[in-house]
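To start, the structure itself, in structure tokens.
What's counted below: heavy atoms across the whole structure, side chains too, no hydrogens, waters or symmetry copies. Computed from a prediction, not measured in an experiment: that's the story for all the values here. Residues: numbered from 1 along the sequence shown.
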Amino acid sequence: MPRSQSLAGNVLPEALPPRRRDGASLIAFPVRDWEREKRENIEIYTGIIVTELALHNHLSHLPEEALQEFTEWCVLEQAKEAGYKLTPDRTKLNNLPAGDYIHQLVDQFMKVKPDPIRTGLAGAIAGKQADNHALSGSAAIVDFVSLYIRYLLPKEGSEQEKAEAILTQASQQQFEKLSEIAKKYDVEISS
């Protein structure tokens, strides 16, 4: 039987595609995955889609003095590229052991927030990623701040390819600097 009958006895055409209210066929319009698109837009902004050198694998093998030196470079040098300039309060840093120094320097840096939305988003993503790395102590703080600074580098509205290139370059710079510092402390790092 080429046609189906409804309960009311009306003949229903089987071959007609579903229609929108305005009569246009739904088949011509693909279904959009709004959640996927939202994730991709966030990833484009934050730069999650990036080939990352795994710095976190090496941080716990370094002495705290090396972590302090790397943190200073991230916070005082690399962050400038993102437009985040910190003039640290040296009176609060003088004579502190390396672990306390790192904590105090990062605390001062986190108070620099020229763009609260951007810093909040970068902080949330860096925090989640650092939590997944499951480090502890100074290594966890250094892991977080290096990720945080990396995610601040791409400007809002950057195209995905440009953001990925910026993040890849930042990751490479961090890896090279960490390797350079590690050599001073007789620790070998390989990618």
- Item | Residues that K162 engages under side chain to side chain donor-acceptor pair (under 3.5 Å), provided they are two or more places apart | none
- Qualifying salt bridge (Lys or Arg N to Asp or Glu O under 4.0 Å) pairs with a residue from residues 132-145, counting only residues at least two apart or across chains: none
- Query: With a 4.5 Å limit on heavy-atom distance, are the side chains of Q172 and T168 in contact?
  - Reply: no
- Task: Nearest 0.5 Å please: distance from the CD atom of E69 over to the CD1 atom of I181.
- Result: 4.0 Å
N/O donor to acceptor pairs below 3.5 angstrom from side-chain atoms of residues 70-82, sequence neighbours left out:
unit_1, atom_1, unit_2, atom_2, d
T71, OG1, L67, O, 2.7
E72, OE2, Y101, OH, 2.3
Q78, OE1, Q174, NE2, 2.8
Q78, NE2, A170, O, 3.3
Q78, NE2, Q173, OE1, 3.4

- Not counting sequence neighbours, which residues clear salt bridge (Lys or Arg N to Asp or Glu O under 4.0 Å) with D107? List them please. K111
- Query: Does F175 offer a backbone N or O that forms a donor-acceptor pair with the side chain of S179 under 3.5 Å?
  - Reply: yes
- Message: Would you say that more than 12 heavy atoms from the other residues, nucleotides or ligands in this model lie under 6.0 Å from the CG of N94, or not?
- Response: yes
- Residue list, ring pair (Phe, Tyr, Trp, His ring centres under 6.0 Å) with Y84, at least two apart or on another chain: none
- Query: For the residue pair A122 and Y151, what are the closest heavy atoms and their distance?
  - Reply: CB-CB, 3.9 Å
- Connected via hydrophobic side-chain network under 4.5 Å: V142 and L153: no
- Residues in salt bridge (Lys or Arg N to Asp or Glu O under 4.0 Å) with K92, at least two apart? none
- Identify, with sequence neighbours excluded, every residue that meets side chain to side chain donor-acceptor pair (under 3.5 Å) alongside T91. D89
- V112 and K85: which non-hydrogen atoms are nearest, and at how many Å? CG1-O, 4.0 Å
- Item | Closest contact, heavy atoms only, P154 versus I166 | N-CG2, 4.0 Å
- Work out which heavy atom in P88 is nearest to a heavy atom in L105; give both atom names and the distance. CB-CD1, 4.0 Å
- Item | Residues which pass side chain to side chain donor-acceptor pair (under 3.5 Å) with Q104, listed by chain and number, not counting sequence neighbours | Q108
- Query: With hydrophobic residues grouped by side-chain heavy-atom distances under 4.5 Å, do F109 and L55 end up in a single group?
  - Reply: yes
- So do L178 and L59 actually touch side chain to side chain, heavy atoms under 4.5 Å? yes
- Task: Compare every heavy atom of A130 with every heavy atom of L147, then report the nearest pair and how far apart it is.
- Result: CD1-N, 3.9 Å
- Task: Can you measure from CD (E65) to OG (S138) and round to the nearest 0.5 angstrom?
- Result: 9.5 Å
- Please tell me if the side chains of R150 and L167 come closer than 4.5 Å, counting only heavy atoms from C-beta onward. yes
- Message: If hydrophobic clusters are built from ILVMFWY residues whose side chains come within less than 4.5 Å, do L96 and I141 share one?
- Response: yes
- Item | For E64, salt bridge (Lys or Arg N to Asp or Glu O under 4.0 Å) partners two or more places apart | none
